[in-house]
Amino acid sequence: MKRWLVVLAACSQSVPAPEVPAPPLPADASIVVPPPPIVVDAAPVEDAPPAAPIEPEVWLKGSTHVHARPSGDSSEPIPNVVVWYEKHGYDFIALTDHNQVTELDKTAHTTGIAVRDPTAGLIVLAGIELTHNPSGCLPPGDKSKKCRIHVNAIGVTGRPTGKLDWANRKTHDRLEKYQSAIVAARSLGASLVQLNHPQWFWGMSGELVAELAKRGIGLLEIANVQFPKWNKGDKDHPSMAAIWDDALGRGATVWGIASDDAHDYHGAKSDKYPAGGGWIVVKARRDPQAIVDAIAAGHFYSSTGVELAHAEVAGKELVVEVATAATGSYAIDFIENGKPVAHVAGKTARRALPATGYVRAVVTRDDGKQAWIQPARATTP
């Protein structure tokens with residue numbers, strides 16, 4: 001069974017060097033064309049083996065927020081965590097222990113585990129949750145003054161020894177504290193930077209998310225299943241969906257994540273932060289770098305239980321289709337530039353891309369489980 005602790009460099013686009021023109025020939029120079037080479041007693045050339053076929057893109061289920069024993073607040077050994085996700089049909093996870101890049105135990109071996117494909121085990125992406133729990137952040141949160149600056153760096157190449165001390169303790173400003181996390185993530189070579197449970201103890205806004213997106217945060221937890229109260233908001237605080245729409249309306253490119261933020265894996269009532277319940281499904285080849293690249297491009301949907309067959313732009317429309325074998329009743333809602341614009345009862349719907357701004361969709365099953373389709377734009381903001 002193959003497993004990887006993936007070493008991934010930060011995604012970047014290489015800029016080709018400018019072409020330098022050759023110096024002009026002297027006026028009396030002549031151009032000499034060499035004769036073709038003479039081949040003597042050439043051995044027959046054997047037919048080259050056919051190139052390996054390129055694997056197709058498929059839907060791959062994964063979690064970008066996973067904890068194990070090195071976090072300090074989880075008792076589960078790393079091999080057991082890997083086994084849990086394999087048994088439950090996941091294709092990949094990111095290990096994101098608190099302030100520590102965890103090495104996958106390469107000696108771990110599981111037997112007797114029924115996986116989807118015995119020749120291809122769980123892909124494990126290297127990561128870290130940059131964790132800082134100060135008091136008295138500005139803008140303020142609730143009356144407790146608790147503040148939670150938690151940021152995932154995913155696909156990191158750095159391997160700091162022990163716990164990483166990265167936090168900025170010289171300021172109360174939320175933006176500057178998050179900026180320190182972004183700097184730390186990039187210094188570790190992170191390919192993806194994710195803002196975790198942003199409304200925990202309140203204090204987050206769409207304006208702040210938009211600014212953080214400019215600075216390098218590309219993923220936003222809109223549905224951390226361990227924090228339903230904070231996801232939903234209340235009469236005094238916006239929901240994560242509203243904050244997401246606010247940031248998108250400001251031109252931010254940031255993709256919505258559902259996660260389990262798992263710490264406990266026993267399926268017991270005593271589990272404080274149980275595994276499962278929230279994940280993403282990525283359209284990519286079964287390859288670590290391809291998965292990371294697809295997440296960075298927003299080629300995925302997020303889910304708490306709804307399975308989709310289509311969640312992508314086709315032509316000039318956003319197309320949504322629930323998986324054929326899915327049971328239950330479904331409703332599909334389209335949100336355009338922060339406002340609900342269409343409600344469809346059924347398993348299939350589509351919406352034309354707006355001339356300006358964005359459109360996204362939410363699918364809700366009759367038991368309350370949902371899926372979020374990433375925002376699509378006709379033009380780049």
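This is a predicted model, so every value here is computed, not measured.
The neighbour count for Glu307 CD, taken as heavy atoms of other residues, nucleotides or ligands under 6.0 Å away, does not exceed 12. More than 12 heavy atoms of other residues, nucleotides or ligands shown are found within 6.0 angstrom of NZ on Lys283. In the displayed structure, Glu207 atom CD is contacted under 6.0 Å by at most 12 heavy atoms of other residues, nucleotides or ligands. Residue-environment remark: NZ (Lys163) exceeds the threshold of 12 foreign heavy atoms within 6.0 Å.
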Between Trp202 and Asp234, does the side-chain contact (heavy atoms from CB on, under 4.5 Å) criterion hold? Intermediate values first, please. CA-CA 10 Å; Trp202 311 124; Asp234 59 25; 3.5 Å; yes
Using side-chain contact (heavy atoms from CB on, under 4.5 Å), reason through Lys232 and Ser239 one step at a time and then give a plain yes or no. CA-CA 5 Å; Lys232 187 177 179 180; Ser239 67; 5.6 Å; no
Please assess Ser144 against Asp142 for the test side-chain hydrogen bond (donor to acceptor under 3.5 Å, both in side chains), listing each intermediate value before the final yes or no. CA-CA 5 Å; Ser144 73; Asp142 66 9; 2.5 Å; yes
Start with the C-alpha gap between Ile78 and Leu95, add the side-chain angles, then the distance that decides, and say whether side-chain contact (heavy atoms from CB on, under 4.5 Å) holds. CA-CA 9 Å; Ile78 298 168; Leu95 272 179; 4.1 Å; yes
side-chain hydrogen bond (donor to acceptor under 3.5 Å, both in side chains), that's the test. Do His310 and Glu312 meet it? Break it down for me. CA-CA 6 Å; His310 291 287; Glu312 58 228 331; 2.7 Å; yes
Salt bridge (charged side-chain N to carboxylate O under 4.0 Å, His left out) between Asp367 and Arg365, worked out: CA-CA 5 Å; Asp367 62 357; Arg365 196 166 62 198; 2.9 Å; yes
I'd like to know whether Glu103 forms a salt bridge (charged side-chain N to carboxylate O under 4.0 Å, His left out) with Arg159, so could you lay out the CA-CA distance, the side-chain angles of the two residues, the decisive distance to 0.1 Å, and finally the verdict. CA-CA 8 Å; Glu103 291 283 4; Arg159 295 294 183 272; 3.1 Å; yes
Begin with the C-alpha distance, continue with both residues' side-chain angles, and end with the deciding distance and a verdict on side-chain contact (heavy atoms from CB on, under 4.5 Å) for Leu188 and Trp166. CA-CA 11 Å; Leu188 291 170; Trp166 60 272; over 6 Å; no
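Between the side chain of Lys146 and the backbone N or O of Ser135 there is no donor-acceptor pair closer than 3.5 Å. For the pair Ser302 (side chain) and Gly256 (backbone), a donor-acceptor distance under 3.5 Å is present. At distances below 3.5 Å, at least one donor-acceptor pair connects side-chain atoms of Asp264 with backbone N or O atoms of Tyr273. For the pair His237 (side chain) and Gly233 (backbone), a donor-acceptor distance under 3.5 Å is absent. Remark: side-chain polar atoms of Trp230 are not paired, donor with acceptor, to backbone N or O of Pro198 under 3.5 angstrom. The backbone N or O of Asp260 sits nowhere less than 3.5 Å from a side-chain atom of Asn224 that would complete a donor-acceptor pair. The closest donor-acceptor contact from the side chain of Arg351 to the backbone of Arg360 lies at 3.5 Å or more, if one exists at all. Within the 3.5 Å criterion, the main-chain N or O of Phe227 finds a donor-acceptor partner in the side chain of Asn231. A donor-acceptor pair is defined here as one N or O able to donate and one able to accept, closer than 3.5 Å; no such pair exists between the side chain of Trp255 and the backbone of Pro375. The main-chain N or O of Ile128 is never found under 3.5 Å from a side-chain atom of Asp97 such that the two would form a donor-acceptor pair.
Side chains of Val281 and Leu308 form no contact here, defined as non-hydrogen atoms less than 4.5 Å apart. At a threshold of 4.5 Å between non-hydrogen side-chain atoms, the residues Pro139 and Arg174 count as touching. Two residues are said to be in side-chain contact when any heavy atoms from C-beta on lie closer than 4.5 Å; Cys137 and His172 fail this criterion. No side-chain heavy atom of Arg69 sits under 4.5 Å from any side-chain heavy atom of Glu76. Between Asn196 and Val151 there is no side-chain heavy-atom pair separated by less than 4.5 Å. Looking only at side-chain heavy atoms (C-beta outward), Val292 and Leu192 come within less than 4.5 Å of each other. By the 4.5 Å heavy-atom criterion applied to side chains, Leu212 and Leu195 are counted as neighbours. Put simply, the side chain of Val254 reaches to within 4.5 Å of the side chain of Leu248, judged on heavy atoms.
With Glu221 as the partner, the side chain to side chain donor-acceptor pair (under 3.5 Å) test is satisfied by one option alone out of Gln199, Gln194, His197: Gln194.
Distance check, rounded to the nearest 0.5 Å: CG of Leu122 to NE2 of His88 gives 12.5 Å. The line from NZ of Lys87 to CG of Asn80 is 10.0 Å long, rounded to the nearest 0.5 Å. Distance CG/Asp246 to CE/Met240: 10.5 Å, rounded to 0.5 Å. Between the CG atom of Leu353 and the OG1 atom of Thr379 there is a distance of 9.5 Å, given to the nearest 0.5 Å. Atom NZ of Lys177 and atom CZ of Arg169 lie 7.5 Å apart (nearest 0.5 Å).
No side-chain donor from either of Glu129 and Asn99 sits under 3.5 Å from a side-chain acceptor of the other. Side chains of Gln370 and Thr364: a donor on one and an acceptor on the other come within 3.5 Å. At a cut-off of 3.5 Å, with distance as the only test, a side-chain donor of His263 or Asp73 sits close to an acceptor on the other residue. Side-chain N/O atoms of His266 and Asp271 include no donor and acceptor closer than 3.5 Å. Thr171 and Asp173 share no side-chain donor-acceptor pair at under 3.5 Å.
Pairing each heavy atom of Ala185 with each of Val193, the nearest pair is CB-CG2, 4.0 Å. The shortest non-hydrogen separation linking Pro134 to Arg148 is O-NH1, 4.2 Å. When all heavy atoms of Arg377 and Ala252 are compared, the closest pair comes out as NH2-O, 3.3 Å. Taking each heavy atom of Phe92 and Leu60 in turn, the nearest pair found is CE2-O, 3.6 Å. For the residue pair Pro238 and Ala242, the shortest heavy atom distance occurs at CB-CB, 4.2 Å. Among all heavy-atom pairs drawn from Ala323 and Lys347, the shortest one is O-NZ, 4.2 Å.
Taken together through direct or relayed side-chain contacts under 4.5 Å among Ile, Leu, Val, Met, Phe, Trp and Tyr, Ile217 and Val156 form part of one hydrophobic cluster. Follow the hydrophobic side-chain contacts under 4.5 Å out from Ile222 and you reach Tyr178 in the same cluster. Placement of Val58 and Leu125 within a single hydrophobic cluster is found when ILVMFWY residues are connected by side-chain heavy-atom separations under 4.5 Å, directly or transitively. At a threshold of 4.5 Å between side-chain heavy atoms, the hydrophobic network of Ile, Leu, Val, Met, Phe, Trp and Tyr places Ile149 and Leu138 in two separate groups. Leu175 and Leu130 fall within the same hydrophobic cluster, defined by Ile, Leu, Val, Met, Phe, Trp and Tyr side-chain heavy atoms under 4.5 Å apart, directly or through other members.
Remark: Glu317 engages Arg350 in a salt bridge, criterion side-chain N to carboxylate O under 4.0 Å.
Relative orientation of the Tyr85 and Tyr90 rings is perpendicular, given thresholds of 30° and 60° on the angle between their planes.
Ring centers of Trp59 and Tyr301: under 6.0 Å apart, within the cut-off.
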